[in-house]
2 protein chains.
Amino acid sequence: MKKGAKISNAVIRRLPRYRRYLGELQKKGVDKISSNEFSKLIGYTASQIRQDLNNFGGFGQQGYGYNVKDLHSEISGILGLKNKYRLVLVGAGNLGHAITNYIGNYRSGFAVEGIFEVNPEMIGQTLDGVPILDYDSMVEFIETRKTDIGIICTGKESAQEVADKLCFAGVKGIWNFAPVDLELPGHVAVENVHLSDSLYSLVYHINKMDSNK
Amino acid sequence: MKKGAKISNAVIRRLPRYRRYLGELQKKGVDKISSNEFSKLIGYTASQIRQDLNNFGGFGQQGYGYNVKDLHSEISGILGLKNKYRLVLVGAGNLGHAITNYIGNYRSGFAVEGIFEVNPEMIGQTLDGVPILDYDSMVEFIETRKTDIGIICTGKESAQEVADKLCFAGVKGIWNFAPVDLELPGHVAVENVHLSDSLYSLVYHINKMDSNK
DNA sequence: TAGATTGTTAATCGATTAACAATC
DNA sequence: TAGATTGTTAATCGATTAACAATC
């Protein structure tokens, strides 16, 4: 990997998509693909594909193209998907349930080890085999288990306070589903999933299309 | 609103965020805000805020700033949030449950009217008061109810087939939670929520930060 | 009116696309 | 070797930022 160069976020956001398509190709038994063929499939220009990949190294071979399996593996490595991650989730509501289930069933390498709640009626139960624990015990849990990632599935009112606690306890990243922009120390990564922003953006495009008729 | 000008997607994606902050300000009883004050709050440059807003019209007043309530209302109008939307959801799993619950409880103006499933054991039940119906009856339901938006909460295997059916039945937009890129006719809007892409992007940043230590 | 702040034009920056020499 | 396709530099395009005249 090229050292020092700072990669733009636009590139990073395309990597999982490259990886996804490469996974599908692999499943179909495709061995190699040229940037041109890949372009037709994934919808980015061949030029962009080559530029993107060359941020991280020369994974192709002139006159041949890219080896599908190797490239998939390289991108997995770049993203950090060859490591294991320990997670905790805060907020045992419907969304928390869905995310726990999603990770448990579909994301190998990621394990939700504890779900934290304030509602005493839920504490002690399990969700998809993951224990629901007292929110007050979260910091100690994270410190002991060396949790990597905290997932916030609370309402917006408590999200910042939860984030503060997660950071204090030492998580490296926060996956935030609450509709707020969290203030975090610079060394903690954050990724927001703002569902309503996404829905509103969809609605804008629906209306735009209508008005273009 | 300026006619004809095509607004970039980057601008559209900032609108919900502007609106969210304006809503908070309104709740706090703030009447007016300058682009400079807003900049400090929201983290975009004052210049960008003014540029963005002027894509749609001159909502401010020289020497004064922007009226919080009016601007909130204008942005709601631009996004199309003054209309009502009828939705259906496909896939009554955990994620479908969470999304139904989320829309029912937090998003006024949006109503999930039916949840469609293939699993016969679920058909006939309700989820948050919304009936779970036979997937085979979906097209007729959408045609009758003039459904605006279809939400796909199925696995990736069936997502495209569901999308085709939604389009055939006449929805204007699709909110897609399945990890695939759907092929849709040009007049149907789509918004993807690719959870794993989001998680992978987070993980990249976690590792990047580690390596910068 | 004077001061403040917008709306808008111009300058800059960054990301995408095109071109082509290197090379398998 | 000839053909194909990458890696990489250069050109273009678009988005962000800066500057300032207009105006409340």
Side-chain angles (χ1 to χ4, degrees), chain A residues 1-18 21-22 25 30-75 78 201 204, chain B residues 1-18 21-22 25 30-75 78 201 204:
Chain A
M1 192 191 294
K2 284 185 187 174
K3 61 224 166 181
K6 62 171 194 302
I7 314 294
S8 86
N9 217 282
V11 175
I12 305 310
R13 300 215 161 264
R14 282 192 290 270
L15 292 179
R17 184 162 156 148
Y18 287 129
Y21 276 85
L22 290 164
L25 285 167
V30 178
D31 282 340
K32 73 129 205 165
I33 192 161
S34 70
S35 56
N36 219 277
E37 294 164 322
F38 204 10
S39 170
K40 273 168 201 148
L41 198 64
I42 202 170
Y44 305 140
T45 64
S47 206
Q48 178 158 72
I49 294 169
R50 296 202 302 278
Q51 283 278 27
D52 282 354
L53 298 176
N54 278 95
N55 281 305
F56 305 99
F59 303 133
Q61 188 173 314
Q62 278 103 329
Y64 173 81
Y66 298 87
N67 179 292
V68 170
K69 188 155 164 273
D70 291 352
L71 189 54
H72 183 272
S73 167
E74 290 285 359
I75 294 178
I78 293 164
S201 171
Y204 172 84
Chain B
M1 191 192 293
K2 283 184 188 175
K3 61 224 163 177
K6 62 173 191 303
I7 314 294
S8 86
N9 217 282
V11 175
I12 305 309
R13 298 213 162 266
R14 283 192 291 269
L15 292 180
R17 184 162 156 147
Y18 287 128
Y21 276 85
L22 289 164
L25 286 167
V30 179
D31 282 340
K32 74 128 206 167
I33 193 161
S34 70
S35 57
N36 219 278
E37 294 165 321
F38 204 11
S39 170
K40 273 170 202 146
L41 198 64
I42 202 169
Y44 304 140
T45 64
S47 208
Q48 177 158 72
I49 294 169
R50 295 203 301 278
Q51 283 279 27
D52 281 355
L53 297 176
N54 278 96
N55 281 305
F56 305 100
F59 302 134
Q61 188 173 315
Q62 277 103 329
Y64 174 81
Y66 298 87
N67 179 293
V68 170
K69 188 156 162 271
D70 291 351
L71 189 54
H72 183 272
S73 166
E74 290 285 359
I75 294 178
I78 292 164
S201 170
Y204 173 84

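In what follows, every heavy atom counts, from backbone to side chain, and hydrogens, waters and symmetry copies are set aside. In this text, all values refer to a predicted model and were calculated from it rather than measured experimentally. Chain A is the first sequence line, chain B the second, and so forth, proteins listed ahead of strands; every chain is numbered from 1.
For A:Ala10, whose side chain is taken as the heavy atoms from C-beta onward, the closest listed nucleotide among C:dG7, C:dT16, D:dT5 is C:dT16.
At distances below 3.5 Å, not a single donor-acceptor pair connects side-chain atoms of A:Gln48 with backbone N or O atoms of A:Thr45. Under a 3.5 Å cut-off, the side chain of A:Asp52 and the backbone N or O of A:Ile49 do not form any donor-acceptor pair.
Distance CD1 (B:Ile49) to C1' (C:dT8): 16 Å, rounded to an integer number of Å. The CD atom of B:Glu74 sits 11 Å away from the P atom of C:dG7 (whole-angstrom rounding). Rounded to whole angstrom, the span from the CZ atom of B:Phe56 across to the P atom of C:dT6 amounts to 18 Å. Rounding to whole angstrom units, CG of residue B:Leu53 and C1' of C:dG7 are separated by 11 Å. We find that CZ of A:Phe38 is positioned 11 Å from P of D:dT6, with the value rounded to whole Å. Between B:Ile42 atom CD1 and D:dT16 atom P the separation is 14 Å, expressed in whole Å. The separation between B:Asn54 atom CG and D:dA15 atom P is 16 Å, rounded to whole Å. The distance between atom CD of A:Gln48 and atom C1' of D:dT12, rounded to the nearest whole Å, is 14 Å.
The phosphate of D:dA15 has neither OP1 nor OP2 within less than 4.0 Å of any side-chain N or O from B:Arg13. Look at A:Ser35 and you won't find any side-chain N or O under 4.0 angstrom from OP1 or OP2 of D:dT5. Within the structure, every side-chain polar atom (N or O) of B:Thr45 is placed at least 4.0 Å from both OP1 and OP2 of D:dT16. At C:dA4, none of the side-chain N or O atoms of B:Tyr66 fall inside 4.0 Å of OP1 or OP2 (strictly under the cut-off).
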Output one letter per nucleotide in nucleotides 19-24 of chain C: B when a protein non-hydrogen atom lies under 4.0 Å from the base, S when only the sugar-phosphate is that close, - when neither is.
BB-BBB
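No side-chain heavy atom of A:Leu22 sits less than 4.5 Å from a side-chain heavy atom of A:Tyr66.
Ring geometry for B:Phe38 against B:Tyr18 counts as tilted: the plane angle lies between 30° and 60°, on a 0 to 90° scale.
The partner of C:dC13 is D:dG14, by the rule that a Watson-Crick or G-U pair needs both atom distances under 3.5 Å. Remark: C:dA19 base-pairs with D:dT8; criterion is Watson-Crick or G-U wobble with both hydrogen-bond distances under 3.5 Å.
Rounded to the nearest 0.5 Å, atoms CD1 (B:Ile33) and CG (B:Leu25) are 4.5 Å apart. Interatomic distance, OG of A:Ser201 versus CZ of B:Arg14, reported as 12.0 Å (0.5 Å rounding).
Under the rule for a salt bridge (charged side-chain N to carboxylate O under 4.0 Å, His left out), B:Arg50 has no partner lying at least two apart in sequence or in another chain.
As judged by a 4.0 angstrom heavy-atom cut-off over every strand, A:Phe59 is placed among residues touching the sugar-phosphate backbone only.
With hydrogens and angles ignored, a donor-acceptor pair under 3.5 angstrom links the side chain of A:Gln51 to the base of D:dT9.
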